[in-house]
Protein chains: 2
Amino acid sequence: MPPPPVSPEIKSDVDQVLEAIIYLYTESRRLTKELARRADLTGPQLTVVKMLEQIGDLSLSELSERIRAQNSTVTGIIDRMERENLVSRERSKEDRRVVYIKLTAKGRRLAEEIPVEPMEIFRGALESLSASEVRDLVKILGKVARRVQQTVQRETAESDSVKG
Amino acid sequence: MPPPPVSPEIKSDVDQVLEAIIYLYTESRRLTKELARRADLTGPQLTVVKMLEQIGDLSLSELSERIRAQNSTVTGIIDRMERENLVSRERSKEDRRVVYIKLTAKGRRLAEEIPVEPMEIFRGALESLSASEVRDLVKILGKVARRVQQTVQRETAESDSVKG
DNA sequence: GGCGGATATTTCGCACGCTAAATAATGCCG
DNA sequence: CGGCATTATTTAGCGTGCGAAATATCCGCC
């Protein structure tokens, strides 16, 4: 659930930035989902299929890390994909705790079937900016992200020391 | 599910921007959730409680619109909140299709208990930018969002006309 | 060799979140 | 007045998404 667009009329810079971010994020998810629907996949399933196609087999943990989700979430996604015969699980021989996720022929066919990224719209939007604007955007957004990350880490450390 | 950070090494501008957006969005949700947890609420519940506190009673549709979710989703959230005695439903007298959602005393107390926005971290991060950077960020992000919106609307119109 | 702590995955229970279909009430139009 | 499209909400079914606990291995160390 996105945080609320709290103030009704005058929006602060923070609110405007947040609103844009929420909009862009939501839209990127919606686009993925839409694209996926055409191949009878869900958004996450499309993401997984494309990831495996491009990178090759991945352990479940590697996969979760890449799609930024918890292992338990990905277990569910893979369960359903296995049921649909899109991927298979294969126990690693070196480390029997590890499970590799592999595309099946059907999964690979589907991956190829799907044009490219749903990111084309974003690419288009970014291309409508001037080169210097793109550079600024990348630079500033990156700065904000790093700054937030620092603050979060600091607070996490604090509450850890309080808790523990 | 966030779109994948596709390329392993060299990241395009699009990817970098998207990655930052995904990070910031995810983080803002996490912060809301964290803040909510202290009052034994979920993220969306905190959002609703704060919204009702600041704006007053809202119909279910108005509420869904404001938190950018489907009515059916909000029905569920309100069900659980009603169960916890945080809000009550009240049928409108003018239009008996409409249900107003009202804070209970307990809900109001909780709302007051919770400091402010979880957005403070973002505010801090934005304040670490120079004034001109903030201005640029607001301007450029807004531009990208508007551009994406236009493209999406155009495509929606097209596929509508195709579909019938 | 085996014990104890780490690591990889799964299971469980719950809360979103969405779409499609059902239900209920309005309002308009002839 | 009666029917019919519209609108507000709910229900049903499914797929994430998370945190905590359970399982199965692995690894280092005595």
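- Spacing between atom CG of D95(B) and atom P of dG27(C) amounts to 6 Å, rounded to whole angstrom units.
- The base of dG19(D) is paired with the side chain of S72(A) by a donor and an acceptor separated by under 3.5 Å.
- Place R83(A) and R96(A) on DNA chain D by their nearest nucleotides, and R83(A) ends up nearer the 5' end.
- Judged by distance alone, the side chain of T73(A) and the main-chain N or O of A69(A) form no donor-acceptor pair under 3.5 Å.
- For R91(A) (side chain) and V99(A) (main-chain N/O), no donor-acceptor pair under 3.5 Å exists by modelled atom type.
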Begin from the C-alpha positions of E27(B) and Y23(B) and carry the test side-chain contact (heavy atoms from CB on, under 4.5 Å) through to its verdict.
CA-CA 6 Å; E27(B) 207 49 35; Y23(B) 173 75; 3.9 Å; yes

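- Between the CG atom of N71(A) and the P atom of dA20(D) there is a distance of 15 Å, rounded to whole Å.
- Side chain of T73(A), nearest nucleotide from dT26(C), dC16(C), dG17(D): dG17(D).
- Rounded to whole Å, atom P of dC16(C) lies 5 Å from atom CD1 of I77(B).
- Between the CD1 atom of I101(B) and the P atom of dA8(D) there is a distance of 14 Å, given to the nearest Å.
- Put simply, CD on E84(A) is 15 Å from C1' on dT16(D), counting in whole angstrom units.
- Sorted by residue number, the members of residues 85-94 of chain A with any non-hydrogen atom under 4.0 Å from DNA chain D read E94(A).
- The phosphate of dC18(C) has neither OP1 nor OP2 within less than 4.0 Å of any side-chain N or O from R68(B).
- As rounded to whole Å, 12 Å separates atom P of dC16(C) from atom CG of L63(B).
- In this structure, T75(B) contributes its side chain and N71(B) its backbone to a donor-acceptor pair below 3.5 Å.
- Nearest-nucleotide positions on DNA chain D place V99(B) closer to the 5' end than the other of V99(B) and R80(A).
- Summarising the geometry, the separation between CG on D79(A) and P on dT16(D) is reported as 11 Å, rounded to the nearest angstrom.
- Distance L46(A) CG to dG15(D) P: 16 Å, rounded to the nearest Å.
- Within the nucleic acid shown, Q70(B) comes within 4.0 Å of at least one base atom, counting heavy atoms only.
- Checked by atom type and distance alone, the side chain of K102(A) never pairs as donor or acceptor with a backbone atom of E90(A) at under 3.5 Å.
- Partners of K139(B) according to the side-chain contact (heavy atoms from CB on, under 4.5 Å) rule, which considers only residues two or more places apart in sequence or in another chain, are E133(A).
- Side chain of K50(B) to main chain of I114(B): a donor-acceptor pair is present (N/O by atom type, distance under 3.5 Å, no hydrogens or angles).
- Side-chain N/O atoms of R97(B) and base N/O atoms of dT7(D) include a donor-acceptor pair closer than 3.5 Å.
- Of the candidates dC18(C), dC16(C), dG17(D), the closest approach to any side-chain atom of T42(B) belongs to dC16(C).
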